[in-house]
Structures are given as C-alpha cells and as structure tokens.
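These notes concern the structure reproduced below.
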Amino acid sequence: MVNNPPPFGAVNAAGNSALLLVVTPFEENAKRVESHLRNAGHKMRAVWIAELADLEQHLQKSQPDLLLASDHSNSVPLRNIIESCRRFTPTLPILVLTSRLSGEGALAAVAAGARDLVADGDAESLEHLERVYVREFLAYRNLRELARTRSLLTDYESRYAQLVAGTGDAVAHIYEGIISQVNPAFASLLGYEDVEALAGMPLMDVVAPDSQVSVRDHLKQLNSGRADGKLMDCALLGRNGQTAEVSAQLTRGEAEGEHFVEMLIRAATAQPPQPSAPSGRIDFYAALETPSEIGQP
C-alpha cells in the first residue's frame, strides 16, 4: 500500500511577505510567477528587474529571499547575475528560469552556480517551479536562522567567558576527566597564578587522596543523570600540597558537540587552603623540628 504524500502547504503564510527578484527582459514572466505563487497561498511579492544596475541596487538595499534569473536575457547575462549575487548576498539561492526544462539545461544551471532550473511555460512547469521555490525558500530561511543563532551563541559564549573570568567563584571545565580550562578564581584557589598551568591536567591530580573515591562516585552518578547540579563536598589539592575544603556543584554541558562537566565552587563556600598533614616519617620528623610560635613574643 502506498501512502499519499503530505499536502503541499503554503510557506510564510503568517509572516512578512517573501521577496522574489525576477531578472528577465519580459515583465510577463515575473507577473506569471507571482500570480501562480500567490494563488497557491504563498505570501510573497515579485519584483521585475531588467537591468544589472537595478539588480545590484536591490541586492544592496533589500533582503530578497530568492532570485529568479532568465537564461535567455541578452542584456543581463546569467554569468553577470550570479557574480553580482555572490558579491552582495553570497548565500542567496538562485533559480534559472527557462522556457523548457531539460536535463542538459539543469546541469548547466547548477554548474553555473544556480540551485536549480525551472520553467513557467505551462501548468505542470509552474507547479514544479512552486515546489522548488518552497524548497529553496525554506532552506534559505533556515540558513539565515542558523547564522543568527550562531551569532547569538558566539555572543553568549563571549559574555559567559568574560563573566566567568571576572567572577570570584571558581569554575573549571572538565572533558573526559581532563581539565580543559579554569578561570582565575579556580587557579588562585589551588595556588596557581597562570590558568593555563591547570589545562590538560587530570582532575584526580587536583583531588586530595581522601576525596578521590567520593569524587569518582559523584561523577558516575552525574553521567547517569542522578547528580546533575547536586553539591559535592571534597578536598582539592593545591600546588604546594595544601588542601582546600570545598563544596562543588557539578553540572553537565555541551559545546561544539562535545560533552563536558562544569565544576562550580562558590566563593562563600571555599575554605582557605590548609597545610597537608605529614604523610610519612620524614615529613613527621620535619614537622617536629619546626620551631613552634607558641609562647614567642
């Protein structure tokens, strides 16, 4: 049993009118295409352009959604049209309008830099033109939305990086158990002046031995979705062997398709680093030989 395809609905029905530039020596072509698309329910308007100078002016001052260029215009060669579009709006989809569809013509149009070949000679050709129009319009709209989202993401990441760098809270990003980056507060907490000194270091290298089992267990729970955002009490090992008792919040994140763990230690919860206890006979006797300050003036 063959299922019928979903209905071919109109695009941009609720938004602003789409702008279609039609470069052709005959205004009738632009009117025919506009009339068909409007009758099909597409909210759009077509602008007829007969000269290259007019095209470049529209490309600079407006934001077209698609360009339809005739392949039989002596006054405006297709090559010049495509070059102008690439100069002013590099991602604008271009369709070549011809009098008759053919495989050779479609190949030539795509080779020249257009998205496809369409025709407006009969009802079947106009239906094909409409479907290609919808496909390219939606693809171009999604492309612009993606570019806008990427711009917002870049701005967000920049603001976030500035915020993290300037905050008194200690922040570290960990990829697969390796510290990828820390902010100055985190480096200072462990006695480092350079944030780059911790980059590439295994997380467990900065976790005190007595806390490593609990930290590993917390990370396992985090990866299974049972500890996201929960606080974890542990001791971190500083540069000079000192330990800092902290209450860290671990959350999962994703950047550029890679998963990481963010460790956040609020400034108010971090305890000043304390000297580590003697861990062996030599350290023990060295501690005994250190003069005591008790009773000294």
Side-chain angles (χ1 to χ4, degrees), residues 8-13 15-148:
F8 187 69
V11 298
N12 212 39
N16 297 327
S17 295
L19 177 59
L20 173 64
L21 302 183
V22 184
V23 185
T24 174
F26 309 110
E27 186 177 7
E28 292 77 9
N29 293 121
K31 290 183 177 180
R32 187 183 302 113
V33 171
E34 182 179 33
S35 176
H36 176 81
L37 294 177
R38 281 182 172 275
N39 290 337
H42 303 288
K43 192 175 180 181
M44 55 80 63
R45 66 186 182 93
V47 175
W48 173 51
I49 298 174
E51 301 292 337
L52 185 62
D54 294 336
L55 170 62
E56 294 184 348
Q57 185 177 12
H58 277 284
L59 292 175
Q60 293 181 68
K61 293 185 178 181
S62 62
Q63 292 184 332
D65 298 282
L66 196 141
L67 185 139
L68 198 59
S70 174
D71 68 344
H72 50 267
S73 175
N74 295 326
S75 59
V76 189
L78 179 61
R79 182 186 68 257
N80 294 352
I81 294 173
I82 294 178
E83 288 177 354
S84 294
C85 288
R86 295 298 173 256
R87 187 163 64 252
F88 294 107
T89 53
T91 58
L92 180 67
I94 301 170
L95 301 178
V96 175
L97 181 64
T98 187
S99 57
R100 186 178 63 87
L101 293 175
S102 67
E104 296 80 2
L107 180 59
V110 173
R115 298 289 300 174
D116 210 335
L117 182 73
V118 294
D120 62 346
D122 52 28
E124 185 177 356
S125 297
L126 285 171
E127 184 178 353
H128 172 261
L129 185 152
E130 180 192 356
R131 292 181 179 272
V132 174
Y133 164 82
V134 171
R135 182 194 70 197
E136 296 303 324
F137 172 83
L138 292 177
Y140 189 46
R141 184 183 65 179
N142 292 338
L143 182 64
R144 286 184 296 185
E145 182 63 23
L146 177 60
R148 189 183 72 86

Quick one, Asn29 and Val33 - any side-chain contact, counting heavy atoms below 4.5 Å? no

Evaluate whether atom CZ of Arg45 has more than 12 neighbouring non-hydrogen atoms of other residues, nucleotides or ligands under 6.0 angstrom away. no

Ser125: what forms a side-chain hydrogen bond (donor to acceptor under 3.5 Å, both in side chains) with it, not counting sequence neighbours? Asp122

Return a table of donor-acceptor pairs under 3.5 angstrom between the side chains of residues 88-99 and protein atoms on other chains or two or more places apart.
{"unit_1": "Thr89", "atom_1": "OG1", "unit_2": "Cys85", "atom_2": "O", "d": "3.4"}
{"unit_1": "Thr98", "atom_1": "OG1", "unit_2": "Asp71", "atom_2": "OD2", "d": "2.9"}

Below 4.5 Å, heavy atoms only, C-beta onward: do Glu130 and Leu37 meet side chain to side chain? yes

Tell me, please, which residues at least two apart from Gln57 pass side chain to side chain contact (heavy atoms under 4.5 Å, CB included). Asp54, Lys61

Tell me if the aromatic rings of His42 and Tyr133 count as close, with their centers under 6.0 Å from one another. yes

Below 4.0 angstrom, N of the basic side chain to O of the carboxylate: do Glu34 and Arg38 qualify? yes

Partners passing side chain to side chain contact (heavy atoms under 4.5 Å, CB included) against His58 (at least two apart in sequence or in another chain): Leu21, Val47, Ile49, Ser62

Val22 versus Ala46, closest heavy-atom pair with distance: CG2-CB, 4.2 Å

For residues 106-116, the salt bridge (Lys or Arg N to Asp or Glu O under 4.0 Å) pairs (sequence neighbours left out) are Arg115-Glu136, Asp116-Arg135

For the residue pair Tyr140 and Pro64, what are the closest heavy atoms and their distance? CE2-O, 3.5 Å

Partner set under salt bridge (Lys or Arg N to Asp or Glu O under 4.0 Å) for Arg86, not counting sequence neighbours: none

Kindly indicate whether the side chain of Arg144, heavy atoms from C-beta on, has any atom under 4.5 Å from the side chain of Asp65. yes

So Glu145 and Arg141, salt bridge (charged side-chain N to carboxylate O under 4.0 Å, His left out) or not? Walk me through it. CA-CA 6 Å; Glu145 182 63 23; Arg141 184 183 65 179; over 6 Å; no

